[in-house]
Amino acid sequence: MVALALLLACGGGAAVFRGTQLADYMPLDPLLRAFYTSDDYANADGYDLVVTRMEPTEITGGFEIVTLEYALTKDDGPEILATVQWSSDSSGIRIHGYGAGSEPATRYATPVLVARQYMQRGESLTTDTDGLSITSTFVDFQACPVPFGVDFDECAHINIDDGDGDPNAGPFYVGEYWLVPRYGVAWMKNTGAAVPWELTDYEQRTEDE
């Protein structure tokens with residue numbers, strides 16, 4: 001399921017590989033909610049992670065910015081871990097704003113470029129914004145077992161690093177992501193997570209919504 005982009009050289013020469021369109025692996029439009037579980041919380045009822053698309057979206061600078069809320073479900077109500085503003089289109093994947101905990105997201109002066117239009121394996125991008133220096137690397141395609149009845153042969157593995165060397169500090173979105181077409185994030189090991197969060201269920205909008 002690898003989305004490849006080939007460019008034919010002028011004069012009918014050999015095809016040149018431009019890279020992978022990683023935005024195909026981060027679909028935001030159909031998403032309503034995604035549900036994740038982790039071995040850290042496997043024996044604690046009500047501690048699953050729910051990622052919810054918040055409405056309405058916003059069109060700014062030619063980007064459709066989608067706000068995702070990340071929350072642990074608990075018996076006494078959700079615990080909001082973070083709010084992250086994303087965009088994903090043919091030009092790439094970006095993070096436009098961030099809020100820690102229940103704080104509303106604050107827009108970055110410069111969006112964090114997670115992936116540009118085409119990315120080669122091993123390629124890195126660094127964005128300096130609002131006192132942060134965020135480096136995103138398309139690591140490779142790797143085996144991606146996901147235990148909710150859908151078999152994925154490969155995940156696109158992306159690492160987002162804030163350079164502080166501490167996996168328990170920094171913005172919530174910093175960490176490792178394993179992406180698949182149609183569903184987006186299948187596994188993620190972000191700030192503060194000892195083991196990956198694994199996708200267990202997914203809700204999409206219907207044509208009537």
>> I'd like to know whether Val185 forms a side-chain contact (heavy atoms from CB on, under 4.5 Å) with Leu199, so could you lay out the CA-CA distance, the side-chain angles of the two residues, the decisive distance to 0.1 Å, and finally the verdict.
In response: CA-CA 7 Å; Val185 180; Leu199 183 65; over 6 Å; no

>> Hydrogens and angles aside, do Thr135 and Thr126 bring a side-chain donor and acceptor to less than 3.5 Å of each other?
In response: yes

> Any chain of hydrophobic side-chain contacts (each under 4.5 Å) joining Ile95 to Leu28?
Replying inline: yes

>> Run Leu68 and Thr83 through side-chain contact (heavy atoms from CB on, under 4.5 Å) and show every step you take.
In response: CA-CA 6 Å; Leu68 298 184; Thr83 301; over 6 Å; no

> CZ/Arg182 to CG/Leu31 distance, rounded to the nearest 0.5 angstrom?
Replying inline: 12.5 Å

> Taking the side chain as C-beta and beyond, is there a heavy-atom pair between Cys155 and Val180 under 4.5 Å?
Replying inline: yes

> Between Leu81 and Glu79, does a side-chain contact (heavy atoms from CB on, under 4.5 Å) hold up when you go through it step by step?
Replying inline: CA-CA 6 Å; Leu81 301 180; Glu79 177 188 346; 3.9 Å; yes

> Under a 4.5 Å cut-off applied to non-hydrogen side-chain atoms, are His157 and Phe141 in contact?
Replying inline: no

>> Has Arg94 got a side-chain atom pairing as donor or acceptor with His96's backbone, closer than 3.5 angstrom?
In response: no

> CG of Asp48 to OG1 of Thr200: how many Å apart, nearest 0.5 Å?
Replying inline: 6.0 Å

> Backbone N or O of Glu64 within a donor-acceptor pair of the Ser87 side chain at under 3.5 Å?
Replying inline: no

> Looking only at heavy atoms, which two atoms of Asp162 and Pro171 are closest? And how far apart?
Replying inline: OD2-CD, 3.7 Å

What pairs of donor and acceptor atoms, side-chain ones from residues 102-114 against any protein atom, are under 3.5 angstrom apart with sequence neighbours left out?
residue, atom, partner, partner atom, Å
Arg107, NE, Gln85, OE1, 2.9
Arg107, NH2, Glu58, OE1, 3.0
Tyr108, OH, Tyr173, OH, 2.8

> Are the side chains of Ile65 and Trp86 in touch, meaning some heavy atoms are under 4.5 Å apart?
Replying inline: no

>> To the closest 0.5 Å, what do you measure between CD (Gln117) and OG (Ser91)?
In response: 7.5 Å

> What are the two closest heavy atoms between Thr191 and Gly170, and how far apart are they?
Replying inline: CG2-O, 3.6 Å

>> Show, in sequence, the C-alpha distance, side-chain angles and deciding distance for Ile93 and Tyr25, and conclude whether the side-chain contact (heavy atoms from CB on, under 4.5 Å) test is met.
In response: CA-CA 10 Å; Ile93 303 170; Tyr25 289 75; 6.0 Å; no

> Same cluster or not: are Phe172 and Trp178 linked, directly or through other Ile, Leu, Val, Met, Phe, Trp or Tyr residues, by side-chain heavy atoms under 4.5 angstrom apart?
Replying inline: yes

> So, Arg33 side chain and Val50 main chain: donor-acceptor pair closer than 3.5 Å or not?
Replying inline: no

>> Please find the pair of heavy atoms, one from Ala186 and one from Cys144, that lie closest to each other, and give the distance.
In response: CB-SG, 4.0 Å

> Does a side-chain heavy-atom distance below 4.5 Å link Trp197 with Trp187?
Replying inline: no

> Checking salt bridge (charged side-chain N to carboxylate O under 4.0 Å, His left out) for the pair Glu55/Arg53: CA distance, chi angles, key distance, verdict?
Replying inline: CA-CA 7 Å; Glu55 298 292 350; Arg53 174 190 172 110; 2.8 Å; yes

> Are any of the side-chain heavy atoms of Asp89 and Phe63 separated by less than 4.5 Å?
Replying inline: yes

>> Could you check whether any side-chain heavy atom of Arg116 comes within less than 4.5 Å of a side-chain heavy atom of Leu125, counting everything from C-beta outward?
In response: yes

>> Hydrophobic clusters here meaning ILVMFWY residues chained together by side-chain heavy-atom distances under 4.5 Å, can you tell me if Tyr70 and Ile80 are in one?
In response: no

> Which distance, rounded to the nearest 0.5 Å, do you find between the OG of Ser88 and the CG of Asp29?
Replying inline: 10.5 Å

> Distance from Ser90 atom OG to Tyr118 atom OH, nearest 0.5 Å?
Replying inline: 8.5 Å

>> To the nearest 0.5 Å, what is the distance between CD1 on Ile160 and OG1 on Thr127?
In response: 10.0 Å

> Within a strict 4.5 Å, meaning less than it, do heavy atoms of the Asn190 and Val174 side chains meet?
Replying inline: no

> Just wondering, do Leu49 and Met188 contact through their side chains at under 4.5 Å, heavy atoms?
Replying inline: yes

>> As a test of understanding, state which of Val139, Asp140, Leu22, Thr137 forms a side-chain contact (heavy atoms from CB on, under 4.5 Å) with Ile158.
In response: Leu22

